[in-house]
Every structure is written in C-alpha cells, then in structure tokens.
Amino acid sequence: MKLLEYEAKDIFVEYGIPTSTGIVIDDVANLKAALYKLGLPVVLKAQVLVGGRGKAGGIKIAKTEEEAMHMAEQILSMEIKGLPVKKLLVCTPSVIEKELYVGFVVDRNKKKMTLLASTEGGVDIEQVAEKTPEKIYKVTIDPIIGLQEHEARNTARKLGYTGEALVSLTSIIDTLGRIMQDKDAELIEINPLAITPEGFEALDAKLIIDDNAMFRHPEFAKDMKETQEFTPIEKAAKEAGLAYVELDGDIGIIGCGAGLVMASLDVVNHYGGAPANFLDIGGGATAENMKKALEIITMKSGLKSIFVNIFGGITKCDEVAKGILEFNPPVPVYVRMMGTNEEEAKRILNEAGYDLYGSMQEAAEAAVKGGK
Amino acid sequence: MKLLEYEAKDIFVEYGIPTSTGIVIDDVANLKAALYKLGLPVVLKAQVLVGGRGKAGGIKIAKTEEEAMHMAEQILSMEIKGLPVKKLLVCTPSVIEKELYVGFVVDRNKKKMTLLASTEGGVDIEQVAEKTPEKIYKVTIDPIIGLQEHEARNTARKLGYTGEALVSLTSIIDTLGRIMQDKDAELIEINPLAITPEGFEALDAKLIIDDNAMFRHPEFAKDMKETQEFTPIEKAAKEAGLAYVELDGDIGIIGCGAGLVMASLDVVNHYGGAPANFLDIGGGATAENMKKALEIITMKSGLKSIFVNIFGGITKCDEVAKGILEFNPPVPVYVRMMGTNEEEAKRILNEAGYDLYGSMQEAAEAAVKGGK
Amino acid sequence: MAILVNEKTKIVVQGATGRQGQFHTRRMKAYGTNIVGGVTPGKGGAMLDDIPIFDTVEEAGADAAILFVPARLMRSAAVEAIANGLSPVVCITEHVPIKDAMFIQEYARQAGADVVGPNTPGLISPGKALLGILPPHIFAEGSIGLLSRSGTLTYEIIDEMTKNKLGQSTAIGIGGDPVIGMDFISTLQRFEDDKDTKAMVMIGEIGGNAEELAAEYIKEHITKPVVSYIAGKTAPPGKRMGHAGAVISGNTGTAESKIHALNAVGVPVATMPHEVPQLLRDLL
Amino acid sequence: MAILVNEKTKIVVQGATGRQGQFHTRRMKAYGTNIVGGVTPGKGGAMLDDIPIFDTVEEAGADAAILFVPARLMRSAAVEAIANGLSPVVCITEHVPIKDAMFIQEYARQAGADVVGPNTPGLISPGKALLGILPPHIFAEGSIGLLSRSGTLTYEIIDEMTKNKLGQSTAIGIGGDPVIGMDFISTLQRFEDDKDTKAMVMIGEIGGNAEELAAEYIKEHITKPVVSYIAGKTAPPGKRMGHAGAVISGNTGTAESKIHALNAVGVPVATMPHEVPQLLRDLL
C-alpha cells in the first residue's frame with residue numbers, strides 16, 4: 001500500500017523528522033484559507049500515487065493568489081498517468097541549498113533491508129545508481145537487530161557531514177529506520193532531503209507499507225480505502241481476491257498460478273496475439289471464482305477471445321468448467337485443461353460446444369487465430 | 001524500583017493478563033464503598049515492598065463488614081519489617097484449584113534473563129529450587145531476540161498443560177515476557193498464578209524495575225515518589241546521591257568505593273566492632289560530599305566512633321579532610337588516608353588534632369577501641 | 001539420492017489440522033513421506049488418521065518441517081522449527097510479511113538451517129518424499145534437478161519432462177516472494193553436489209535479479225548442464241504479476257535481461273515451456 | 001607479556017571529550033598507552049591535546065576501545081565498537097541498564113569480542129598500557145595477574161602487593177554490576193594461558209555465585225596458584241552494598257559460601273586485604 005506524500009509526511013512529523021508540511025485541500029474553495037495561513041508564494045503539489053508528477057505538470061509554484069487559484073484548479077482537474085488528482089498539498093517553498101537522498105529498500109539477494117544514501121538527491125535514485133554508483137552509500141540492515149545508531153552516523157559521515165549537521169542527519173536516518181521497522185515499510189524514501197538555511201528538511205516523502213503486514217497496522221485501514229486508486233476493473237478483482245493486471249491487448253487470459261499465467265501471456269504473444277489482461281484465479285478455485293474471473297475480464301471493452309489455461313493440482317478442472325458455463329462468455333473461449341477431474345471437465349465443456357486443447361501452445365494459438 | 005502489588009497488577013491488566021484486581025484504599029473510611037462494590041467475603045492485603053506479608057499478619061480474609069472494618073484498621077496501622085502499611089488492596093477471594101509459579105529473573109552467569117516456571121506455586125521459589133529443583137522448568141532468553149512464543153508454549157507444555165489451558169498459559173507467559181522487555185524489569189513474577197474454575201488468574205504480582213533504566217520510563221516517575229519507602233536517613237542519603245545501608249552497630253563507616261567500604265566493615269568486625277552503617281562517598285568526592293556523608297551517618301543515634309577509610313585515586317584526600325573539619329563530628333573520628341594529596345590532608349587533620357593511621361587495619365582497630 | 005529430503009527424513013507438519021493442512025498432510029503421507037506428526041498448539045493429543053498431533057515441535061521428534069500455518073503466525077512457527085534444529089523448514093503459506101520473512105531467513109542463517117519459501121509449493125524427491133502441495137502423480141524418479149520460482153508453471157514443465165522420460169531427482173519450488181530462503185544459487189549448488197543429479201532445469205520469472213546472479217554463479221561453479229525457462233516476457237513494468245516478487249522495477253527484473261544473462265553463460269532458455277525436454281536432451 | 005592489551009594495542013576513547021573522558025584520556029596517554037583517537041559524534045575534527053577526535057569509531061582505526069559515554073548511550077556506543085571489530089571493549093560507565101548490558105554481552109559473544117564491564121575501573125598492563133581509571137602509580141610490572149569485582153579495594157591490595165615487590169602482569173576490574181562481560185572464569189583462563197603470569201589474585205565480594213563457579217573452574221582448569229579475598233562478610237541480606245551486583249538474595253551470594261567454595265579447592269582466602277601478599281609468597 002502506497003501512501004500519498006502528505007500521509008507519509010504526517011508520519012515523519014509524528015516521529016520528529018524535520019519535514020516541509022503544508023495544508024491539504026481537495027477543493028479549490030479551501031485554497032484561500034490555506035493561503036491566508038501560509039502566505040505567498042506557495043508550492044502546489046498533486047497528491048497521486050505515481051511518480052513523475054513534476055514532469056506531468058502536477059507541481060507548480062504560485063506567486064500570487066490569482067495564480068494559485070488558477071493552478072490549483074488546473075491540477076485538481078488533471079489526470080496523471082490515468083489517475084485523477086483528488087488532493088493537493090499546498091506548502092511554503094523552502095530555500096534549498098542542496099538535495100540529498102535517504103531511503104530504505106529491500107535487497108532480495110541479501111534478504112535484508114538496505115539503507116541507501118546519496119549526496120545526489122532530487123533525482124531518481126536508480127539514475128544515480130546507474131550513472132554514478134560510487135555516489136550511493138549502502139548499509140545492509142540486520143533483520144533481527146534492526147538499524148543501529150552508528151550505522152546511521154557512519155552514513156551521515158560518509159556523505160561528508162560533521163558537527164551539528166552530522167548529529168541532525170544521523171538522527172533523521174535513525175528515525176527513518178525506526179519508521180521502516182515500526183510501520184512494516186517495504187520502501188521508505190526522503191527524496192529530496194533538502195539542506196535549507198534552517199537545517200535539513202524532508203521535501204518529499206515516499207512510503208510503501210507491506211500489504212501482507214496490514215494486520216499489524218489498523219492505523220492504515222481507513223487511509224487505504226480513502227486513497228488507494230484503482231480502476232473499476234482492478235477494484236472488482238481486488239474485491240474478488242483475484243490477482244489482475246490490465247494490459248493493452250484484446251485476448252482475455254485466465255489461468256491458475258502466477259507463473260503459468262505469465263507463461264500464457266508469453267505464448268499468446270509468441271503467436272502474434274496481444275493479451276488484454278493477466279488474471280490468476282489461484283489454487284483451488286471454485287465454479288463461482290471462475291465465473292467471477294470471467295465477469296471481471298469481460299468488463300474490459302474490445303475483448304475478442306478468451307484463453308483459459310488450467311493445470312489442475314489443487315484446482316479441480318470440472319469446477320472451472322462449470323464456472324465457464326454459468327457465465328456464458330460473450331466471446332469465443334479457448335480452453336486448455338489438465339489435471340484433477342480433467343475428464344469430467346472435458347465432458348461438460350464438449351457438451352456445451354467449447355473448444356478444448358491438449359496443450360497450452362495449441363490453445364494459445366487457437367485463441368490468437370479466433371480473436372482475429 | 002519495586003512496585004507495590006496493585007501497581008504491578010495494573011500493568012498486568014493493561015497487558016491483558018487475567019489478574020485478581022480489587023480496590024485500593026488508604027483510609028478505612030473508604031472501605032465501605034469498596035465492600036459495596038465487591039461484596040463479601042473480601043481479602044485484605046497490605047501493600048508493602050517487603051516479602052512475608054502473610055506471616056506478618058498483613059493478609060486477612062473478612063466474612064462480614066464488621067470483621068473487614070476491624071481488620072482493615074488493624075492492617076493499616078501496622079508496620080511490616082519496619083515499613084508502615086499505607087495502602088490496602090481489597091479484593092474478592094478466588095476459588096483456587098492449583099497454584100503455579102511463573103517469573104523472569106536475571107541469570108548473572110549466563111548474562112541473560114531466565115524464565116522460571118513451576119507447578120509448585122504459592123511458596124517461595126527459592127525454597128522450591130532448594131528442595132525440588134526438578135520441579136522448576138527454566139528457559140534462557142536471548143537478549144537480542146527476546147522471548148519467543150514457542151519457548152512460552154514449551155514451558156506451558158512442560159508444566160503439563162494441553163488444550164485451552166495450554167493456549168491461555170502460553171499467552172500469559174508470553175505477555176509476562178513482553179512486560180519484562182517493555183518495562184526494563186529486572187524481576188517479574190506471578191506467584192501464585194492460580195487455576196480457578198474460570199481459568200488462570202494472577203493472584204499476586206511482583207515487579208522490580210531497573211533503576212538504571214528509569215530514563216526510558218517516565219511513567220514510573222510519579223509512582224516512585226509516592227510509594228518508595230525509605231527511612232529518613234536512607235532518604236537523606238538518596239537525595240545526596242550516596243550509597244548508604246543502615247546496620248545494627250555503633251561504629252560509623254565512611255569510605256570510597258563499595259568494595260573498600262565492605263572490606264572496612266569486615267575489618268572493623270574482625271577487631272570486635274559492630275559497624276553502624278555502610279556509606280560509600282564514591283570517586284572524586286568533594287569536601288561538601290564528605291560533610292554531607294558525616295551528617296547522614298550521625299543522624300543515627302548511639303554512634304560511638306567513626307572510621308574514615310580513603311584510598312585516593314580520583315578522590316583527593318585533602319578535600320575529604322576539609323569536609324571532616326567543616327562538619328566537626330560529635331564522636332571520635334579515626335582516619336586512614338592514602339593516595340592523591342595525602343600529605344596535605346595529613347597536615348590539615350593533624351593540625352586539627354585528628355588521629356591518622358597508615359593502614360586500614362590499624363585505623364579500624366583504633367576505631368573499635370575508641371568506640372568502647 | 002535426492003537433495004534436502006528422502007524417504008528416511010522425519011517430517012513434522014506445523015498447522016496440520018487446518019483445512020489445507022489436513023488435506024496435504026494426508027496426501028504427503030499417502031505418497032509415502034515419513035510424516036511423524038503434526039503440530040497445532042492446543043490440539044496436542046488428537047490424531048489425524050494415524051498421525052499424532054502435538055502442541056509443540058519439540059514433542060514431535062522430527063528432522064524437517066513443513067508449515068501450513070497462517071501468515072501472521074509464520075514467523076513464530078518457523079522460528080520454533082529452526083530453534084529445534086530442524087532443516088529444511090518448508091514454508092508453504094503466502095502473504096507472509098516481508099519483515100517476518102527477513103527475520104526468519106536471518107535466524108535460519110545463524111542456525112545453519114535451510115528454509116524453503118515462504119510462498120512456495122514445496123518440494124518433492126520423487127518416489128521418496130513429498131514435502132509440499134505439488135501434485136505428485138506428474139513426477140517421476142530420475143536424474144534431473146528442477147528449481148523454480150513458480151508453482152503451476154513448474155507442473156506444466158514437469159509434465160512435459162515426465163512424458164518425455166526425463167524423471168527428477170528432486171524438484172523444488174523456491175517461492176514467489178521477494179525474500180525467500182533457499183535461492184537459485186544455493187539450490188543449484190546442492191544439485192551440483194548430488195551425485196544422482198545429471199542436469200538442472202531452472203524456471204525463473206520477472207522481478208529481481210536472481211536469475212542474473214545465478215547465471216554468474218553457473219559460470220563459475222556449476223559443471224552440470226542447466227536449461228532454463230523465464231516467464232513474463234510480455235509483462236509491463238511496475239505491475240505485480242500475481243507473485244509478490246514478480247514485478248519489473250525501472251530497468252531491473254525484465255525477462256530480456258535474465259534470458260540474456262543465461263544465454264551469455266551457455267544456458268539455453270526455452271521460448272515456450274514445452275521446449276524444455278528437447279533442450280535437456282540436446283545437452284545430455 | 002600481559003593479557004588483553006599491551007603497548008602496541010591501538011586504543012580509541014569513546015566519550016573522550018566529556019569531563020571524565022578528557023581527564024582519563026590524558027592520564028592514559030601520559031602513562032604511555034597507545035591512544036590513537038577519541039570519538040564524540042559531532043565533535044569530529046577537534047583535538048584533545050595531540051589526540052584527534054573523530055565522529056565515528058570507524059575513522060579512528062583502533063584495535064580496542066574504552067568507553068566513558070553516558071549510561072544511556074552505552075549500548076549504541078559499545079555496539080559500534082564491537083561492530084567495528086574492536087576488542088577488548090572496556091565499559092567504564094556505571095548505571096547502565098541491565099537490559100542494555102545483556103544486549104551488549106550477547107552481541108559481543110556473537111562477534112567474538114571481549115567486553116570488560118560495565119561499571120569497571122578498567123584494566124592496566126603495568127608499564128605497557130592503562131585502559132581505565134585505576135591510579136597507575138601504585139602498580140608495578142611483574143608476574144601476578146589480578147582480577148577483581150571492586151575498584152578501590154583493588155587499589156588497596158595492589159598497593160600492598162607492590163610494596164611487597166609483587167608486581168602485576170595485568171590487573172583487571174571485571175566490574176561491579178550483576179551482568180558483566182569478562183568474568184572470573186574467562187579472565188582466569190587468560191592468565192592461565194599467559195606465560196608471564198605466575199599466579200593470580202581474585203578479589204570477590206558478596207552477590208551472585210561467580211566466585212563459587214570460579215572455584216569449580218579453578219579445580220578443573222587452572223594450574224597456576226590463585227589466592228583470594230572476599231569482601232562483605234558482615235553485609236546483611238537483601239541490601240545492595242554500593243555495587244549493583246553486591247547483594248545477598250536469600251541464601252545465595254554470601255561471603256561464607258564463596259570463601260568455603262574457594263578453600264575447598266585449595267585457594268587460600270585472606271581474612272584482611274593486607275594479608276594477600278603473604279598468601280602469595282606462601283604459594284610462589
């Protein structure tokens with residue numbers, strides 16, 4: 001679960017990280033009150049859960065009230081990468097002397113969190129990693145003990161700081177590590193962490209909470225409903241507990257098991273088809289689950305055919321077959337099934353006139369042809 | 001810092017350990033209201049920071065209101081091992097089927113906390129350890145990871161429980177371990193942990209918080225002032241930051257360093273004297289500290305002589321000498337000093353007519369003779 | 001021979017009394033796996049058919065464990081198994097918090113235990129022991145070691161192998177989460193050390209760079225033939241493809257990168273799953 | 001020879017810029033100890049006389065550390081020293097929370113580092129290095145190893161020894177807290193292994209059963225002569241005698257028990273501190 005900038009900043013403030021905050025509005029009508037409190041100029045920042053807001057025109061500086069009103073209206077009516085901007089963070093611009101980067105990310109290979117810090121903040125850290133990897137300082141965090149204070153201090157020192165600045169930066173890094181631990185963050189970043197005449201200040205905040213740890217974090221339950229942004233199809237899939245990803249093509253794909261579904265996409269693609277989606281019905285799906293899956297993928301307009309690929313281990317093929325019949329899809333369905341109760345499934349589907357294939361490549365090829 | 005039974009129980013309740021609570025009163029006038037809420041019979045338990053309340057008559061069961069009033073008055077006016085009973089815990093007696101022991105103590109040799117559990121509760125665990133050590137189950141706790149749930153469960157199992165009881169007992173032990181960790185306990189005990197028809201219930205609670213960790217526990221700051229019980233001399237010593245222990249004899253002892261003061265007591269004892277106290281002025285004491293130390297030990301009546309034993313490392317002998325002169329003690333003082341500024345100290349004290357000795361045994365012997 | 005488990009390995013099933021736990025415990029037992037007991041705190045003394053249920057792992061006297069416990073109990077259950085000296089500890093459950101997964105892996109590393117998963121179908125040494133939810137009838141005894149980040153895709157490929165008379169020494173699902181115990185490298189080395197394994201099939205997918213690191217490792221340390229299949233060539237960046245670990249972030253984690261790295265060290269990568277048996281035959 | 005430190009050991013002083021830290025850093029340096037730097041976060045770049053102050057232990061390039069940091073910072077400072085591979089790590093500060101002391105000891109155990117203290121006067125290898133607050137002028141080079149739970153009592157006995165021409169290889173205050181790093185047993189073994197140590201003086205006090213365990217250990221493992229003194233024969237039960245660890249609980253921790261255990265394994269125990277030199281002479 002990704003948090004919006006202002007939500008992450010609220011947590012920073014709660015933990016005592018010096019943070020550039022402001023006032024959040026969801027309606028231009030509330031901008032005047034915000035300007036009255038903050039004065040001018042102000043920065044207006046679109047609160048959306050995708051990167052690249054700045055380039056998309058979602059961050060603006062306004063010097064007059066008129067300008068602010070105009071820009072706010074503009075931003076609040078825009079979509080960034082398909083997501084409508086519903087909230088705007090209004091804040092006082094900071095005087096920036098330098099921009100750093102500090103964050104914690106998962107290192108899959110070490111199976112540990114890694115602290116990343118760099119004097120090259122304000123840009124995508126992946127770019128820095130590519131162009132000037134020597135400018136990123138890394139510390140691997142012990143998953144049992146957690147970040148130790150001297151690791152934070154060594155990092156601050158490696159970035160070149162001494163004196164009061166070293167002490168402040170150590171504390172910021174240490175606190176960020178504590179938030180990571182307390183909140184089950186799978187990613188937490190301050191980018192940029194600005195140096196201003198008043199000291200360090202978190203100008204932006206990125207925080208992704210591990211969805212699997214949500215049972216430990218009732219404090220996020222409310223936020224999630226409010227701010228998580230999904231398309232209507234994604235929302236329906238999420239509610240049905242199905243893993244769904246929308247794609248650009250026109251051949252609907254349903255399979256069981258993430259790897260098999262990915263392979264199904266690849267095979268369809270291999271035969272010249274364009275998958276419309278990724279949908280994994282998971283292990284042990286019932287007729288009801290299958291029906292729901294078909295409902296969801298057919299919400300997308302322009303679908304030409306459907307490829308169903310089931311390798312039944314826990315999943316019973318006859319259940320899947322029943323689900324197909326219950327829904328009665330509006331476009332041709334090409335089914336490949338094997339495994340548990342395969343014969344019964346074949347009987348059911350043959351009677352109903354569905355095409356059945358002995359291998360995934362045959363079925364995929366047929367779905368591609370049928371969809372043309 | 002030791003907590004009173006009811007204070008420790010409040011913490012148990014906060015953490016969800018099933019606990020026999022009740023109502024605390026400090027005045028018999030409030031008993032009626034308590035009886036009105038609790039009904040009869042009631043258990044009246046003196047809230048004092050020493051063991052052996054029961055034997056001393058500090059725990060009584062009252063069946064009628066008259067009996068309760070009488071007993072409460074009696075207990076609230078008694079002293080147990082020299083400490084006045086200021087508060088009384090009134091609670092409903094539990095139906096006890098069995099009494100267990102569960103606690104965490106410091107294992108100095110392993111340098112770790114140890115979980116102790118036994119089916120022989122309700123008595124002093126040290127007695128159980130002596131007579132039937134096989135009836136105590138022990139688990140050493142990893143100081144970095146803390147108590148793990150399976151360790152609590154293994155313990156519950158070793159005590160012979162299964163089913164619902166195992167699950168409840170596991171949770172109680174696990175929670176007790178969490179309190180230990182959260183509260184910096186150097187000792188935490190439920191003794192007895194009763195089995196009642198309603199399940200497990202903590203009938204008593206013992207909790208000692210590490211004084212050195214108090215900076216992490218502002219929640220105890222208030223309680224400490226309210227309930228810690230010291231004699232007037234102990235209080236004065238505590239306020240002056242001096243380590244003081246009151247003893248039965250009549251020869252006052254002041255030294256620097258705990259080991260040297262203990263040895264001073266032993267040497268005085270060896271020559272037939274009885275030390276009146278243990279007082280360590282610590283390292284680097286000033287004239288003011290020494291004066292204060294003399295004030296404190298002479299608060300005790302019946303003092304016959306004073307033995308001052310200084311081995312000056314950080315401590316400057318001349319400062320100590322000045323402190324003696326400033327106070328001008330009412331009984332003979334026998335001084336042994338060596339180390340930093342020894343010559344100057346000797347000059348000062350000789351001029352003022354004090355006896356100075358070249359070794360601790362000579363000075364101790366003189367103090368014993370002088371005190372007769 | 002096989003890696004990790006064989007017919008003698010004494011297995012305890014943690015979470016044996018849940019719906020999934022019961023089903024798979026019975027199936028593993030039916031396969032001939034040496035199941036010595038189940039563990040469900042509070043249910044000690046019960047029986048699942050002829051399998052005794054215990055309250056604690058300690059009582060079961062096992063060598064290895066398989067876990068069907070709920071995700072939020074995974075950390076304490078896995079720690080219990082590891083603390084009792086068990087290895088491997090196979091964590092089937094998905095949706096385990098990544099912080100707990102990291103804790104388990106570090107605890108296991110210090111104890112020298114092998115953890116498989118979480119979020120894995122488990123493993124099978126055909127004809128010897130099934131320690132997971134894989135459908136055993138599609139497997140056959142043989143000399144190919146299989147290691148995979150995916151479940152059903154593995155079955156697909158295993159099925160093709162078995163039909164083509166390419167039996168398996170051991171097949172292991174290493175798990176689809178970002179943080180897992182045994183990874184490609186450690187598992188490849190086990191197969192390298194196993195005298196009855198003649199070749200390996202490594203099934204990867206998008207996300208992370210485990211396949212790239214495995215390629216480097218194969219170049220330096222693995223002498224036996226390895227063939228591969230990588231799923232997710234058409235997956236878009238930034239989206240989790242079902243598995244928590246299957247996501248392309250920026251430029252990293254693409255199928256292209258993985259295929260390129262493997263080809264560069266002489267590991268043939270199948271374009272489609274059914275091509276794997278032929279690639280194996282070419283190398284054997 | 002000496003144990004733990006000698007004239008070559010590069011020492012960093014953590015907390016060198018506080019009042020106590022400055023005083024003792026200068027004194028240790030004046031004694032000839034090879035102090036390579038001090039550490040105080042935020043004061044890096046400053047100098048204490050000719051000793052450079054660093055922000056981190058990493059920058060100092062030391063072999064061993066001595067800590068004068070406030071009690072509430074002890075855990076993080078000791079962990080820093082241990083994480084940097086330093087040993088011994090001598091923790092002078094008193095009033096360290098016992099939970100932190102336990103954490104430090106376990107962390108050190110896993111890292112294989114020696115921790116001395118907390119709440120210790122430190123140690124001295126006379127003529128070579130002073131790593132503590134002991135008054136160096138009373139010590140003399142020689143072949144007696146001294147280990148003690150007490151500070152000033154140690155000085156008392158050292159003074160008697162030096163006057164009697166019984167110099168010391170190393171003298172170490174192991175600390176007066178209930179939980180300390182190097183204890184009697186580990187320290188006795190170091191002296192046993194040190195070819196220039198001919199005999200040991202062990203100064204104990206009431207509280208715990210470290211002396212009793214040491215007695216057992218001496219019987220089994222120590223071949224060199226050991227003499228002892230135990231303080232607190234007249235201490236009442238249940239009262240802390242200055243040191244956090246000096247308390248008799250129930251029947252355990254009494255001086256009688258300790259003296260009895262030591263005598264039982266042939267270790268003579270002095271009745272009064274000044275008798276120690278004679279007991280040593282009797283055995284040498």
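By convention in this document, chain letters (A, B, ...) are assigned in the order of the sequence lines, proteins followed by strands, and residues within each chain are numbered from 1. None of these values were measured; they are calculated from a predicted model. Basis for what follows: all heavy atoms, side chains included, without hydrogens, waters or symmetry-related copies.
Of the listed residues (C/Gly208, C/Pro136, C/Pro135, C/Gly151), the one with the most heavy-atom contacts under 4.5 Å to chain A is C/Gly208. With respect to chain C, the highest number of heavy-atom pairs below 4.5 Å among A/Asp280, A/Asp142, A/Asp184, A/Asp107 belongs to A/Asp184. Interface check for chain A: of the options C/Ala246, C/Ala71, C/Gly207, the most heavy-atom pairs under 4.5 Å are formed by C/Gly207. Ranked by non-hydrogen atom pairs under 4.5 Å with chain A, the options C/Glu205, C/Met272, C/Arg240 are led by C/Met272. For the set C/Pro178, C/Gly242, C/Ser150, the entry with the most heavy-atom pairs within less than 4.5 Å of chain A is C/Pro178. Of the listed residues (A/His270, A/Glu130, A/Gln361, A/Glu186), the one with the most heavy-atom contacts under 4.5 Å to chain C is A/Gln361. When each of A/Asn212, A/Asn309, A/Val261 is checked for heavy-atom pairs under 4.5 Å with chain C, A/Asn212 comes out on top. Counting heavy-atom pairs closer than 4.5 Å to chain C, the top-ranked of the candidates A/Asn269, A/Val268, A/Leu242 is A/Asn269.
For C/Lys258 and C/Glu212, the salt-bridge test passes: some basic side-chain N is under 4.0 Å from an acidic carboxylate O. Salt bridge annotation for A/Arg216-C/Asp100: present, with a cationic side-chain nitrogen under 4.0 angstrom from a carboxylate oxygen. With respect to the salt-bridge test (charged N to carboxylate O, under 4.0 angstrom), the residues C/Glu211 and C/Arg149 qualify. For the pair A/Asp210 and C/Lys99, the salt-bridge criterion is not met [side-chain N within less than 4.0 Å of a carboxylate O]. With salt bridges taken as basic N to acidic carboxylate O contacts below 4.0 Å, none links A/Glu234 and A/Lys238. By the 4.0 Å N-to-carboxylate-O rule, C/Glu106 lies too far from A/Lys110 to be salt-bridged with it.
Contacts between A/Gln181 and chain C at a heavy-atom distance below 4.5 Å involve backbone atoms as well as side-chain atoms. Contact annotation for A/Ala243: only side-chain heavy atoms (C-beta onward) come within less than 4.5 Å of a heavy atom of chain C. Both the backbone and the side chain of A/Phe311 come within less than 4.5 Å of a heavy atom of chain C. Residue contact with chain A, scored on non-hydrogen atoms closer than 4.5 Å, involves the side chain of C/Thr271 exclusively. Only the side chain of A/Leu247 comes within contact range of chain C, with at least one heavy atom under 4.5 Å from a heavy atom of that chain. Only the side chain of C/Gln110 comes within contact range of chain A, with at least one heavy atom under 4.5 Å from a heavy atom of that chain. Using a 4.5 Å cut-off between heavy atoms, A/Met180 makes no contact with chain C at all. C/Asp177 does not touch chain A: none of its heavy atoms, backbone or side chain, sits under 4.5 Å away.
Classification of the C/His24-C/Phe68 ring pair by plane angle, with boundaries at 30° and 60°, yields parallel.
With a 6.0 Å cutoff to the six-membered ring centre and a 45° limit on the axis angle, C/Arg75 counts as a cation-pi contact of C/Phe103.
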